[in-house]
There are 2 protein chains.
Amino acid sequence: MFSKACKYAIRALIYLASRSEEPEKTGLREIAAEIDSPEAFTAKIMQILSKQNLVNSAKGPHGGFFIDTHAPEIKLIDVVKAIDGTQSIYGCGLGLKSCSETEPCPIHHEFSAIRNGLANLLKEQTIQQLARELKAGKSVLKHHLN
Amino acid sequence: MFSKACKYAIRALIYLASRSEEPEKTGLREIAAEIDSPEAFTAKIMQILSKQNLVNSAKGPHGGFFIDTHAPEIKLIDVVKAIDGTQSIYGCGLGLKSCSETEPCPIHHEFSAIRNGLANLLKEQTIQQLARELKAGKSVLKHHLN
DNA sequence: AGTAATAAAGACCTAATTATCCTTTATTAG
DNA sequence: CTAATAAAGGATAATTAGGTCTTTATTACT
Ligand code: FES
Ligand code: FES
């Protein structure tokens, strides 16, 4: 569905948002530990998110990543587009060159309904909203099994 | 969503089914041409489908692939499972080790609804049914743009 | 000024997926 | 029996995704 990078990105952002009233920034190491992702790879992803202005960063001691609490909330679709591009959301389910209403693939009708449902979910849900539910203990960002 | 191999597999099977009242078998070359897929790669995929008994094959002159018209119709989910496995259908949308109702990821609730919709689609739709719509001119298996 | 902490950037590596090629085996027509 | 045909199978190449490492830039604290 989404690439691993994209999944890590969403988890990282939700974690960041979940502690964004803290004035302290959050370091890479902590993020990776809390979402159970490979540190160096997560760094790459954070770089992309930072360049796309989905997250802010500060170098140096006590530096780290943070989300601007005054900026508008981040929609999931913005994250997916930044990491995976649009093809994953709007492409044909059977791999035709494009999804087309006039030259539809055999599953177009049913599939596009589902895909639109997914796209709507991504447009409606925000990182911050999911972060609030996380803080309320309604969800988790990793499974510890050992 | 699905791997390329899986998309080719579904397209190939639909094409095969669409001409399965023809007693003649269909060669690899024709299949690949009709669904616009790389020939050798398609051969590999057909091998898998053949081993999983989703398709039959015959060697030699006038050989090729065919679908047993007396066997029960092939559900899309059987194809997806054969090529991509089950994780793509049942895994957590944010990449947690497993999708769990009791330890849900932040998007579990909304996402699993959509994923179940997709799973239902795959369970309900059959290759043969889609092939009939293809023959009725309601859909296409490739786009020619040149 | 000097040092430690931290993200940014780029080079690099590894694994999986996608794709091609070539040889072997089975089948059929003649 | 032979030649032609077509799938099966194995080896390998190319591409993409996933992941690591090293160096550089920036900042805070002494
Ligand atoms: S054409 Fe395949 S999903 Fe729309
Ligand atoms: S736990 Fe993530 S989708 Fe169910």
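Atom set for the values below is all heavy atoms of this structure, side chains included, hydrogens, waters and symmetry mates excluded. Chain letters run A, B, ... following the sequence lines, proteins first and then strands; every chain starts at 1.
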Nucleotide [N], atom [atom2] - distance to [atom1] of [X] in whole Å:
X	N	atom1	atom2	answer
B/I45	D/dA7	CD1	P	14 Å
A/I48	C/dA8	CD1	C1'	12 Å
A/N56	C/dT6	CG	C1'	16 Å
B/K59	C/dT27	NZ	P	7 Å
A/R29	D/dT20	CZ	P	14 Å
A/D36	D/dG18	CG	C1'	15 Å
B/I31	D/dA6	CD1	P	12 Å
A/F2	D/dT16	CZ	C1'	20 Å

Listed nucleotide nearest any side-chain atom of B/A5, set D/dA7, C/dA8, C/dT18: C/dT18
Nucleotide of C/dT27, C/dA9, C/dA7 approaching A/L28 most closely (side-chain heavy atoms): C/dA7
Residues A/H108 and A/E101: side-chain donor-acceptor under 3.5 angstrom: yes
No-hydrogen, no-angle side-chain donor-acceptor test under 3.5 Å, B/R11 and B/S37: no
DNA chain D: 5'-proximal contact among B/A43 and A/F41 (nearest heavy atom): B/A43
Given DNA chain D, 5'-ward residue of the pair A/P61 and A/K44, judged by closest heavy atom: A/K44
Give a yes/no on whether any side-chain N or O of [X] is located under 4.0 angstrom from OP1 or OP2 of [N].
X	N	answer
B/S50	D/dA8	yes
A/Y8	D/dG19	yes
B/K4	C/dA19	yes

Common cluster, B/I127/B/V140, ILVMFWY with side-chain heavy-atom separation under 4.5 Å: no
same_hphob_cluster(A/Y15, B/L96) at 4.5 Å side-chain heavy-atom cutoff: no
Cation over ring face, A/K25 and A/F66, 6.0 Å, 45°: yes
Residue closer to the 5' end of DNA chain C, B/H62 versus A/Q47 (nearest nucleotide): A/Q47
